[in-house]
Colleague: 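Questions regarding the structure given below will be posed in turn.
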Protein chains: 2
Amino acid sequence: MKKAEATRLNILQKAFELVYEKGYQTTSIDDILATTQVTKGAFYYHFKNKDEMGIAIINELLKPILTSSFIEPLQNYKNPTETVYNLIHHLLMENDFLKVQHGCPVANFTQEMTPWNEDFSKALNEISQQWIKSMTLYFEKAKKNGLINTSVNAKRTTLFIMSGYWGIRNFGKLENNKSVYLPYLKELKNYLETLK
Amino acid sequence: MKKAEATRLNILQKAFELVYEKGYQTTSIDDILATTQVTKGAFYYHFKNKDEMGIAIINELLKPILTSSFIEPLQNYKNPTETVYNLIHHLLMENDFLKVQHGCPVANFTQEMTPWNEDFSKALNEISQQWIKSMTLYFEKAKKNGLINTSVNAKRTTLFIMSGYWGIRNFGKLENNKSVYLPYLKELKNYLETLK
DNA sequence: ACAAAAACATACTAATCGGTATGTTTTGTG
DNA sequence: CACAAAACATACCGATTAGTATGTTTTTGT
């Protein structure tokens, strides 16, 4: 039972890389078979069809990876301005799972799959709601500890920051250059300062 | 020569609607032919191939429409906070060319086409640079007239706002509901106030 | 060691894709 | 009205697509 799981994971990982790079619809099963060196029989043994594999990528690969990248940094509780800024800075500038030219994988999937398959929207919504929840809780805590102004609306602020993050990822993808991230980050810092 | 142009425009409009709704890769030429009632011969008389049609959608349809939606409102010069807020509010809540469940057409194209065809990136970049330029100029003017703080960096601020706009469009698409727009808009107003 | 199930391999299929070849019809112009 | 070019129509094509049918091999529990 160990080798089979490795095969499945190999498919998911390689398939994700292809999808992240080229998009879901333009990545064919045969593309995936070619890069994984897995045969069609093996593929369809592990996944009922292509969409089920796509959902598995989201739930079994993206979710855990992005949870650790997005949510865990917010557990080490410090100065909110700095913590949130560092989180976004790390995601944009240092995280080497995410590539500027490919954008945000969750945003990519959202754009491409939302009109195509409801199951994708569900799985993606779970990820984004997780992010929102954890950052909202973070700001709530910061308010109680007097680290940010009590007039701050935690959920609204979170949504505003998350939106900016998704948007600048799109800009980066369009311009294929991390340099657009820098002015964004500076202005993010400005904004975060106003929460104090 | 008039009827032919009408045919071309009809193709572009119907094709855009399909692409905006379903995505570019999942919209087939045959889909477009079926909804336009145009034959394949006519289609390929007007467009060398599918991608050329896609570029034409961006340059001949999206660009003029979005220019009037994004840029013209910034010509009527008033209070920046109010003007920019009203612009975004109108785009999100009232503009009936843009649909919440379909997201931002420029962002959609960016996500889907950037890895596929460079010409798309070029055409899309022209649109987004146009937006950035006009809003940056707007903030510069506002600074000179003392309507916002001189410490404001016009370009950075513009990029920050534009990113937020693209991001919240993605949220709206994912949740298929305009209600996420409201907290975003409130926080946008807060942010704009800090520029004074 | 052996049977049964799990895991994988190969060959195929029907449908759909973008695109082309080869027409016919319509339109503008002298 | 003629006739050439523009505009459109029809029939087709090779390639690719997701998926299946039918195998063989490997692993596992007993």
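Chain letters run A, B, ... following the sequence lines, proteins first, then strands; residues in each count from 1.
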Colleague: How many Å lie between CG on A/D30 and P on D/dA18, as a whole number?
Modeller: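 Distance, rounded to whole Å: 7 Å.
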
Colleague: Find the distance B/E5:CD to C/dT27:P and express it as a whole number of Å.
Modeller: 14 Å

Colleague: In this structure, is the centre-to-centre distance between the rings of B/Y20 and B/F109 below 6.0 Å?
Modeller: no

Colleague: Output the rounded distance in Å from CZ (A/R8) to P (C/dA6).
Modeller: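 For the pair A/R8 CZ and C/dA6 P, the rounded distance is 15 Å.
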
Colleague: Is a donor-acceptor contact shorter than 3.5 angstrom present between the side chain of B/K40 and the base of C/dG19?
Modeller: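 Checked by distance alone, the answer is yes.
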
Colleague: Could you give the CZ-to-P distance, from A/F47 to D/dA18, as a whole number of Å?
Modeller: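 Nearest whole value for this atom pair: 15 Å.
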
Colleague: Below the 4.0 Å mark, does D/dC8 have OP1 or OP2 next to a side-chain nitrogen or oxygen of B/Y45?
Modeller: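 False: B/Y45 side-chain N/O out of range (4.0 Å or more) of D/dC8 OP1/OP2.
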
Colleague: Among A/Y85, A/Y184, A/W131, A/F70, find the one that has a ring-ring contact (aromatic ring centres under 6.0 Å, His included) with A/Y165.
Modeller: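 When ring-ring contact (aromatic ring centres under 6.0 Å, His included) is applied between A/Y165 and each of A/Y85, A/Y184, A/W131, A/F70, only A/F70 qualifies.
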
Colleague: Contact class for B/T26 vs. all strands (heavy atom < 4.0 Å): base, sugar-phosphate, or nothing?
Modeller: nothing

Colleague: Heavy atoms only, 4.0 Å cut-off, all strands: where does B/Y44 land among base, sugar-phosphate and nothing?
Modeller: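 Touches a base.
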
Colleague: Separation of A/I29 atom CD1 from D/dA18 atom P, in whole Å?
Modeller: 5 Å

Colleague: Roughly how many Å is it from NZ in B/K50 to C1' in C/dT16, rounded to a whole number?
Modeller: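 Result: 12 Å.
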
Colleague: If only side-chain N and O atoms of B/H46 are considered, is one of them under 4.0 Å from the OP1 or OP2 phosphate oxygen of D/dC8?
Modeller: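 Answer is yes, contact under 4.0 Å.
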
Colleague: Hey, would you say the B/Y24 and B/F120 ring centroids sit under 6.0 Å apart?
Modeller: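 Yes, they do, as the ring centres are separated by less than 6.0 Å.
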
Colleague: Establish, with yes or no, whether the OP1 or OP2 oxygen of C/dC17 is under 4.0 angstrom from a side-chain nitrogen or oxygen of B/S28.
Modeller: yes

Colleague: Looking only at non-hydrogen atoms, find the nearest pair between B/E112 and B/G23 and report the distance.
Modeller: OE1-CA, 3.6 Å

Colleague: When you check the phosphate oxygens OP1 and OP2 of D/dC8, does a side-chain N or O of B/T7 lie under 4.0 Å from one of them?
Modeller: yes

Colleague: Do A/Y181 and A/F171 make the cut of ring centroids closer than 6.0 angstrom?
Modeller: no

Colleague: To the nearest Å, give me how far apart CG (A/D31) and C1' (D/dT16) are.
Modeller: 10 Å

Colleague: Tell me: OH of A/Y24 to P of D/dT17, nearest whole Å?
Modeller: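 In whole Å, D/dT17 P lies 14 Å from A/Y24 OH.
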
